[in-house]
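Letters A, B, ... are given to chains in the order of the sequence lines, protein chains preceding strands, and every chain is numbered from 1.
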Amino acid sequence: RLTTLRGPRERVVINRASLLLIPFPNCLYLPQAWLDTQDRCLGHYVNGKWLKPEHRNSVPCQDPITGENLASCLQAQAEDVAAAVEAARTAFKSWSAHPGVVRAQHLVRLAKVIQKHQRLLWTLESLVTGRAVREVRDGDVQLAQQLLHYHAIQASTQEEALAGWEPMGVIGLILPPTFSFLEMMWRICPALAVGCTVVALVPPASPTPLLLAQLSGELGPFPGILNVISGPASLVPVLASQPGIQKVAFCGALEEGRALRRTLAGECAELGLALGTESLLLLTDTADVDSAVEGVVDAAWSDRGPGGLRLLIQESVWDEAMRRLQERMGRLRSGRGLDGAVDMGARGAAACDLVQRFVREAQSQGAQVFQAGDVPSEHPFYPPTLVSNLPPASPCARAEVPWPVVVASPFRTAKEALALANGTPRGGSASVWSERLGQALELGYGLQVGTVWINAHGLRDPSVPTGGCKESGCSWHGGPDGLYEYLRPSGTPARLSCLSKNLNYDTFGLAVPSTLPAGPEIGPSPAPPYGLFVGGRFQAPGARSSRPIQDSSGNLHGYVAEGGAKDIRGAVEAAHQAFPGWAGQSPGARAALLWALAAALERRKSTLASRLERQGVELKAAEAEVELSARRLRAWGARAQAQGHTLQVKDLWARGRAGQVGWGGAQTRGCEMSQAWGPAATPGRGLHFNMRFAWDIQTLSWAKPYFFLSFLETESRSVAQAGVQWRDLGSLQAPPPRFMPFSCPRLPTNFLFFLFFFIFSRDGISPC
Amino acid sequence: MSAHNRGTELDLSWISKIQVNHPAVLRRAEQIQARRTVKKEWQAAWLLKAVTFIDLTTLSGDDTSSNIQRLCYKAKYPIREDLLKALNMYDKGITTAAVCVYPARVCDTVKALKAAGCNIPVASVATGFPAGQTHLKTRLEEIRLAVEDGATEIDVVINRSLVLTGQWEGSDFIKTSTGKETVNATFPVAIVMLRAIRDFFWKTGNKIGFKPAGGIRSAKDSLAWLSLVKEELGDEWLKPELFRIGASTLLSDIERQIYHHVTGRYAAYHDLPMS
């Protein structure tokens, strides 16, 4: 039976059997009016002012769905980047000099400004990115304010809580073409809170960051703390190599991150990477399948997650889960992001082409493709897509799953689930769905990913750090960990470029130079062992060649083994082999070994100091250095014992009762949090412990191995290849609560050419 | 009412296998209220649809034939005539789904509805409502008497002590609660019930109806309930045979919203007829 309803303007049909959901276009007036204030031409926002240099190319900013031109965006050139960095450097001097409380007040004011202009923010963001306005309005904008408030609190206690740490300086932030402005907030909030200033390079045609910069700039006394320039990817190396940039935070695609790593090798700027978008969901047979299906929707089909999802379903519930999933897909609604009743918007032609290509290839490789939902048929909308039966060895099964695709595959046992889940170079985030506490924890601990949620997916909270591992990058956002990304121990000398520009990557480590005898050695007697220290013993270098080492007065001190690419490979292999055994050690055993190492250093203090002295270091400084090395080892040893895993429980029973649960180890994040927030400030936040706490646990910061390999060369020169990292030791500060870029002790062998390997894990360091 | 539940062999493994994750259900309940925002004409259409699901209820100790009569008239003409005319829905026979009263008032209700000239079903709560803690014999008798008086639907309060001790009963419709509890219809509970209805349908082919009752007072709430049923069960459940909303004050708020939609002003309390 059809009945009709004639509204004031339009004819509407109520079908008695089915209620139509008809889109409601939110008002476009606000974003358009804002663009009009810029005459529909967006420049850059630098030092509290719009910067619109002449003679620049411009790129149109288009509505991703209609293709309508909204504005034109000027493309920055190198001098604009330089101007922005200069502004940030100037602002850094005053911003970092102010007490944390002042910065806190400024951040709170920024949060209030966002609150006042939130409608503009969400309509603009949704209009330009095509994401569902509901997600931006209820999710991103709210979280952006929470982030500012959280980091304001961190800033206000900075002097006490982060004593001994200082802000790095100017942070270069590089964002990918498809990102939500929240990605920017996760990075700028901690950076600004600790006293850094930011230059963000955003892709052309992204007005929201510019709006944010304008809101921040118009607040007054600190206009230059947040500068946004829009420009092509070719400007990335330009920004990264600007003098004064101390850290580059990048989020985007793997290949771009890799290229950036290569560009920045040996440069002074540190690099924080967050790469890839894929996520993983493990659905076991003891899960609440309907809720897990909602988890899949949250992860892939709700405009919350940025990318696609790999879905692993236990074989015994495969049919049931697939049926529910398909049923649920049928009820999804896609459409224009500004429509308040859509689950999924569209993300522009590029994203649509990418997913079309992926699905076509998956089909040709034998996969079954299921698509459903109420989706407009025109480009660039793409329906929610479920891919199954993809042969495990096919290229699509290895490739990163694009939005909005879910690739489902079965597993039989927990062990197999872990093997499948970990058998990918990516390690971003994952969720485990199981009502059995033991199983959920076992799977959670076994997953090699940065962030694990249990019985939830994609929860974000300012106080909870999230990050990635393996190829998904190594930077952390949120919580205390996010703050340390932009801090360094006080007194650390600024990083200098330390790489010879003429290094040829193609031949590096392969063509090992051979050296001729150059006179008598005047080194110590007896001579230190010759060779590379790999796998617990000295061995001859693969190329069987040596390098002469001179002392401070230029005399030939001795010869050391010259390592090559093959030696690196062998050493990495040795480190891999040693990892399971070392990680399996109890924290106490690891601590004991580190302390023993410290004791050994101290026993040889005089020998080591005299060797340093020979290098031109003053005796006192040399002794201090040895002492410092030993102290560092002890501090980390103590950390190995204190630092257990940390579980964080969020929204356990009801909203407003969020709390943290410390899991193992005395120094848990839960304790830290309650201290940081203070019980009076947030009465609801406390320690809630319940036997059913596995129900909604966000577990983070697992013990993950970080592989860093350090080359120590005569001039403290670092060779950045394969993630080589070198830090000078400059501080006596206690180590941070998680693994930080490790200050490799300048072991007194630095007049030797020596190859070290360290495996760092959260729980300790293993010299192998 | 839909076809009766033909019943099935009691298989307790269905129940023992059910897993419900409380926080996940709470999150879903929160989402459902934000994900389907309908405005303007579409909102008016949804509200009219919601009217057709209402079991217009009075369950007061002081019910008499006069207020029952008023209620029945309201059931027949739930929205003011001129408003419906403005929406061009006057002749579409929009009434509430049923009138729900205590057994002793069934007789009055049937009479009043007949006088109003309509065949809206009369639902009666029965069986020791709202506690259900009376003897089976009197409970059955109560049902028999209500049916004799002309009730066509009976809201039975099961003896919950049986459920809590694992002795299950079957029905055509399930209701969130009597509406007389301190906490009545909530979304998380409804989600679990709706999923159970869907699973039962998949296993047996029987469609069980769903009735949230108690605490649904605003038009916005009713829209969320509609979208919840639409999302979890699908459009086939969005008909009075399978979905009811037990409410007494909801209708006046819906009427107010429709008044606003039509006139652009909010109605004063005296602008709309009492129910």
Side-chain angles (χ1 to χ4, degrees), chain A residues 1 3-24 26 132-134 137-138 286-292 294-295 297-298 302 320 323-324 327-328 330-331 333 339-343 433-435 455-457 459 650-655 692 695-696, chain B residues 17-46 48-50 52 84 86-89 91-94 188 191-192 194-196 198-199 202 223 226-227 229-240 261-262 264:
Chain A
R1 284 184 296 162
T3 51
T4 58
L5 160 67
R6 193 176 293 279
R9 284 181 296 280
E10 268 179 85
R11 183 186 157 88
V12 181
V13 178
I14 313 178
N15 188 325
R16 294 288 276 193
S18 77
L19 266 183
L20 298 175
L21 278 162
I22 302 169
F24 163 64
N26 265 21
V133 70
R134 158 194 48 80
R137 181 191 59 207
D138 302 343
T286 57
D288 172 357
V289 179
D290 283 308
S291 291
E294 292 303 326
V297 173
D298 282 345
S302 73
E320 192 194 354
R323 180 174 185 181
R324 281 162 207 261
E327 171 95 4
R328 181 72 179 88
R331 305 222 167 84
R333 227 179 139 253
D339 173 351
V342 296
D343 294 292
W433 294 77
S434 167
E435 294 300 307
N455 289 335
H457 199 105
L459 299 183
K650 191 172 170 295
D651 288 352
L652 187 59
W653 292 113
R655 223 180 149 75
R692 299 166 83 183
W695 272 25
D696 188 355
Chain B
K17 270 190 201 151
I18 288 174
Q19 302 282 0
V20 177
N21 187 283
H22 192 186
V25 170
L26 291 180
R27 274 198 304 277
R28 172 76 175 138
E30 211 170 277
Q31 279 173 7
I32 203 89
Q33 299 170 61
R35 286 211 174 162
R36 294 286 182 256
T37 322
V38 283
K39 300 277 182 195
K40 299 188 179 169
E41 298 87 285
W42 300 285
Q43 191 184 56
W46 276 65
L48 288 183
K49 184 84 179 165
T52 65
L84 282 180
L87 293 169
N88 199 22
M89 292 295 290
D91 51 351
K92 300 301 185 290
I94 291 184
I191 287 171
V192 175
L194 291 173
R195 286 175 180 170
R198 184 187 55 204
D199 288 354
W202 281 355
L223 295 183
L226 257 65
S227 54
V229 173
K230 184 178 165 70
E231 291 282 302
E232 288 290 333
L233 288 176
D235 293 338
E236 43 194 319
W237 258 266
L238 276 182
K239 49 187 180 187
H261 172 71
V262 172

Check: B:T37 side chain, A:G340 main-chain N or O, donor-acceptor pair, under 3.5 Å = yes
query = Mind checking whether B:I191 and A:D290 have side chains closer than 4.5 Å, heavy atoms only?
reply = no
query = Tell me, side chain or backbone of A:V297 under 4.5 Å from chain B's heavy atoms, or both, or neither?
reply = side chain
request  = For A:R331, enumerate each residue passing the salt bridge (Lys or Arg N to Asp or Glu O under 4.0 Å) test, keeping only those at least two apart in sequence or located in another chain.
outcome  = A:E327
query = If you tally heavy-atom pairs under 4.5 Å against chain A, which of B:V262, B:V25, B:D91, B:D199 wins?
reply = B:D199
task = Compare all side-chain heavy atoms of B:N21 with those of A:E435 and state whether any distance is below 4.5 angstrom.
result = yes
query = Which answer fits B:W237, side chain, backbone, both or neither, if we ask what part of it has an atom under 4.5 Å from a heavy atom of chain A?
reply = neither
request  = Could you grab the distance from atom CG of A:D288 to atom CZ of B:R195, nearest 0.5 Å is fine?
outcome  = 6.0 Å
query = For B:Q31, which residues count as a side-chain contact (heavy atoms from CB on, under 4.5 Å) partner, sequence neighbours excluded?
reply = A:E294, A:D298, A:R304, B:R28, B:R35
request  = Identify the heavy atoms of B:R27 and A:L459 that sit nearest to each other, and give their distance.
outcome  = CD-CD2, 3.9 Å
Sidechain N-carboxylate O distance under 4.0 Å for B:R36, A:D343 = yes
task = Measure A:A287 against the heavy atoms of chain B and call it side chain, backbone, both or neither at under 4.5 Å.
result = backbone
key: A:R324 portion near chain B, given a 4.5 angstrom heavy-atom threshold   = both
